[in-house]
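Scroll down for the structure; my scribbles are underneath it.
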Amino acid sequence: MTGSFVHHLMFVVCVALATFTQSLTGFAFGLVLLGLVAVFHLAPLPVAANVVTVMVLANAALLVRSLPALPRRVAVPAFGSSLVGVALGACLLAWLSDNAIGVVRVALGIAILACSVLLVVQTKPRAQLSSPGAFAFYGVVSGVMGGVFASAGPPMVFHLYRQPLDRLVVRDTLVLVFAVNAVLRLGIVLQQGRFDADSLALSLEALPVVLLVTWLARRYPPAWSPGAVRRVVFVLLAIAGGSLVAPAVTSAFASPHALSHQSS
């Protein structure tokens, strides 16, 4: 990230917007921040993902007070598989960062678009708790997203909110899953030497913004309906995701035309 005042100001604004979105939805901080940072080219995606990891831990430190009352038979596969997914995702990000960073941008855009759709899809709660295998599947998918993008939320959010569980149990479970994943991811990137000075500096820059906006959102919550919240976040994620995917799609369609002109 460059040292220009404008870039840092834009980064702070993006952090504030992502934090406000998180306060409305309970999970979208990482996707919004990564999407905006990537669209405006404010920092390399691996650096931005490191910042998200630190902010997830800071958020968990404020919220986690006790273990969630999630049945053990589904808690173990959910947490265990998510950790496996984080390890796979972090290693995948390390390889892609060195060999195909463009793929990371497109994959992030697709993930953001998919998650924006999940926000507006209406699903009925299940009558019975899903099987341990289902929790393991969503856990590993969330873990891989957490390892690559430091944003493990959407798959597990989608799955847990369909369960016949108290909303406080769901919230506490999500916060703890994200925190455990963040600890493992942070340990992996530190061991790989990929948590650099920029990651630390931007984390310190983002932390007071996250704390302030979180406090303000709780003290003065907007009087928006759940439907309005979903629509606002859907538009925000769709714009961010579409901005990342569009250049790749445009270049893919342009390449055959360029080749045809060269051959003629």
Side-chain angles (χ1 to χ4, degrees), residues 21-22 24-32 34 49 52-53 56-57 59-60 63-93 107-188 226-227 229-230 233-234 237 241:
T21 305
Q22 168 84 11
L24 294 176
T25 64
F27 72 92
F29 174 84
L31 290 175
V32 172
L34 287 176
V52 172
T53 299
V56 168
L57 289 175
N59 184 56
L63 295 179
V64 174
R65 293 294 178 267
S66 61
L67 293 177
L70 189 69
R72 184 180 177 84
R73 71 180 185 88
V74 295
V76 172
F79 280 83
S81 63
S82 69
L83 292 176
V84 173
V86 168
L88 294 174
C91 294
L92 178 61
L93 176 62
L108 174 61
I110 293 173
I112 292 175
L113 288 173
C115 295
S116 69
V117 173
L118 289 181
L119 267 177
V120 295
V121 171
Q122 299 293 329
T123 58
K124 295 181 179 179
R126 293 174 54 89
Q128 296 181 336
L129 205 63
S130 296
S131 67
F135 274 86
F137 171 78
Y138 281 97
V140 74
V141 174
S142 289
V144 170
M145 283 193 63
V148 177
F149 306 123
S151 301
M156 188 58 76
V157 169
F158 176 76
H159 183 59
L160 279 177
Y161 273 105
R162 295 176 61 230
Q163 306 303 314
L165 295 169
D166 184 82
R167 286 296 177 261
L168 289 178
V169 173
V170 172
R171 186 201 66 183
D172 292 347
T173 300
L174 289 172
V175 171
L176 193 57
V177 167
F178 301 160
V180 171
N181 288 354
V183 169
L184 177 59
R185 187 185 188 280
L186 184 59
I188 291 174
V229 169
R230 284 196 299 270
V233 178
F234 166 77
L237 290 176

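All of these numbers come straight from a predicted model, not from anything done at the bench. Along the sequence shown, the residues carry numbers beginning at 1.
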Return the minimal non-hydrogen interatomic distance between [X] and [Y], and the atom names on each side.
| X | Y | value |
| --- | --- | --- |
| A136 | S81 | O-OG, 2.9 Å |
| L34 | A49 | CD2-N, 3.6 Å |
| S82 | V177 | OG-CG1, 4.3 Å |
| P164 | A127 | CG-O, 4.0 Å |
| L184 | A87 | CD2-N, 4.3 Å |

What residues, two or more places apart in sequence or in another chain, satisfy side-chain contact (heavy atoms from CB on, under 4.5 Å) together with [X]?
| X | value |
| --- | --- |
| A90 | I188 |
| L186 | T53, L57, V189, L190, F195 |
| A179 | A60 |
| A107 | F149 |

I'd like to know whether L88 forms a side chain to side chain contact (heavy atoms under 4.5 Å, CB included) with V84, so could you lay out the CA-CA distance, the side-chain angles of the two residues, the decisive distance to 0.1 Å, and finally the verdict. CA-CA 6 Å; L88 294 174; V84 173; 4.2 Å; yes
Who pairs with R126 by side chain to side chain donor-acceptor pair (under 3.5 Å), at least two apart in sequence or on another chain? S130
According to side chain to side chain donor-acceptor pair (under 3.5 Å), who are the partners of T173, at least two apart in sequence or on a separate chain? none
Got V170 and L174 here, is their nearest side-chain heavy-atom distance under 4.5 Å? yes
Trace of the side chain to side chain contact (heavy atoms under 4.5 Å, CB included) decision for L129 with L165: CA-CA 8 Å; L129 205 63; L165 295 169; 4.0 Å; yes
Has R185 got a side-chain atom pairing as donor or acceptor with G146's backbone, closer than 3.5 angstrom? yes
Could you walk me through whether F79 and L176 pass side chain to side chain contact (heavy atoms under 4.5 Å, CB included), step by step? CA-CA 9 Å; F79 280 83; L176 193 57; 4.0 Å; yes
For the atom pair CZ (F137) and OG (S131), what is the distance rounded to the nearest 0.5 Å? 11.5 Å
Should the ring pair H159 and F135 be called parallel, tilted or perpendicular, given that the plane angle runs from 0 to 90° and is split at 30 and 60? perpendicular
